[in-house]
Amino acid sequence: MINKTLKFIDVIPSKETVTPGTSLNVLGGVINPGEAGSAKIILWGKSENIWKPLLSQEVFLEEKEHRHLYFTIPPEIFQEEYWGIKNLEEIELLISDMTPENGTPGKLVFIESMSVSDPW
């Protein structure tokens with residue numbers, strides 16, 4: 001287990017707007033400033049100020065290593081039912097080895113609305 005604070009690089013989603021029913025690829029980065037060791041890296045999602053762990057990877061990081069991590073978020077994460085929210089419009093994403101604190105910003109991803117409104 002790594003005993004020094006890891007540094008995380010912002011997540012980069014493959015697209016900024018997701019259509020419900022589709023998955024999303026996300027790239028993130030982690031830097032280990034200390035000695036080699038293993039860590040559980042979690043992809044977090046937030047909607048309405050609640051962070052949820054979405055996916056995780058157990059990784060072994062060499063001393064001073066910079067590693068890219070790839071996650072594929074499954075379609076059900078972008079459904080209103082998953083979050084228990086009506087009219088889900090966006091979620092924030094970030095990676096970390098611990099639960100993000102309130103007020104921690106993430107990378108915003110928009111959820112395309114499936115409802116069709118009558119313009120007349």
Is there a donor-acceptor pair closer than 3.5 Å between any side-chain N or O of K64 and the backbone N or O of P33?
yes
Considering all heavy atoms of both residues, which atom of P75 and which atom of G21 are nearest to each other, and what is their separation?
CB-C, 3.6 Å
Just grab all the ring-ring contact (aromatic ring centres under 6.0 Å, His included) pairs involving residues 23-67, residues at least two apart or on different chains.
H66-H68
Residues passing the side chain to side chain contact (heavy atoms under 4.5 Å, CB included) test with E16, sequence neighbours excluded, are none
For the residue pair P100 and K46, establish whether any side-chain heavy-atom pair is separated by less than 4.5 Å.
no
Side chain to side chain contact (heavy atoms under 4.5 Å, CB included) involving N25 - partner list, sequence neighbours excluded
S14, T72
Euclidean distance, T5 OG1 relative to N32 CG, rounded to 0.5 Å
10.5 Å
Within the structure provided, determine whether D97 and K40 are in side-chain contact (heavy-atom separation under 4.5 Å).
no
Do S38 and E58 have side-chain heavy atoms sitting under 4.5 Å apart?
yes
Return the minimal non-hydrogen interatomic distance between P13 and K107, and the atom names on each side.
CD-CG, 3.7 Å
Side chain to side chain contact (heavy atoms under 4.5 Å, CB included) partners for E80, two or more places apart
N87, L88
Do E92 side-chain atoms and G106 backbone N/O form a donor-acceptor pair below 3.5 Å?
yes
Worked verdict on F71 versus I95 for side chain to side chain contact (heavy atoms under 4.5 Å, CB included)
CA-CA 10 Å; F71 296 92; I95 60 171; 3.8 Å; yes
If you apply the rule side chain to side chain contact (heavy atoms under 4.5 Å, CB included), what do you find for N49 with N102, and how did you get there?
CA-CA 7 Å; N49 296 319; N102 286 340; 5.6 Å; no
From E112 atom CD to T17 atom OG1, the distance as rounded to the nearest 0.5 Å:
7.0 Å
Is there a side-chain contact between P74 and S23 (heavy atoms, below 4.5 Å)?
no
Assess whether atom NZ of K15 is packed by more than 12 heavy atoms of other residues, nucleotides or ligands within 6.0 Å.
yes
Do L6 and I42 sit in one hydrophobic cluster, given that two such residues count as connected whenever their side-chain heavy atoms are within less than 4.5 Å of each other, even indirectly?
no
Could you pull out all residues at least two apart from E65 that satisfy salt bridge (charged side-chain N to carboxylate O under 4.0 Å, His left out)?
R67
Please write out which residues are connected to I12 in a hydrophobic cluster, directly or through intermediates, given that two of Ile, Leu, Val, Met, Phe, Trp, Tyr count as joined at side-chain heavy-atom separations below 4.5 angstrom.
L27, Y70
In short, P105 meets L94 closest at the heavy-atom pair O-CD2, 3.5 Å
Shared hydrophobic cluster for Y82 and I85 (ILVMFWY, side-chain gaps under 4.5 Å):
yes
May I ask whether L69 and I9 are part of the same hydrophobic cluster, defined by side-chain heavy atoms of I, L, V, M, F, W, Y residues being less than 4.5 angstrom apart, directly or through others?
no
Other residues, nucleotides and ligands only: do more than 12 of their heavy atoms fall within 6.0 Å of CD on E76?
yes
Please lay out, stage by stage, how S47 and E90 fare under the test side chain to side chain contact (heavy atoms under 4.5 Å, CB included).
CA-CA 7 Å; S47 184; E90 62 194 30; over 6 Å; no
Stepwise, does the side chain to side chain contact (heavy atoms under 4.5 Å, CB included) test hold for L54 with L93?
CA-CA 9 Å; L54 305 180; L93 302 171; 3.8 Å; yes
Could I get the full list of side chain to side chain contact (heavy atoms under 4.5 Å, CB included) partners for F78, not counting sequence neighbours?
V18, L24, I73, I91, I111
Under 4.5 Å between side-chain heavy atoms, chaining through other members, with only Ile, Leu, Val, Met, Phe, Trp and Tyr counted: pull out the rest of the cluster around F110, sorted by chain and number.
L108
Quick one: do F8 and V59 end up in the same hydrophobic cluster if we chain Ile, Leu, Val, Met, Phe, Trp and Tyr together by side-chain heavy atoms under 4.5 Å apart?
yes
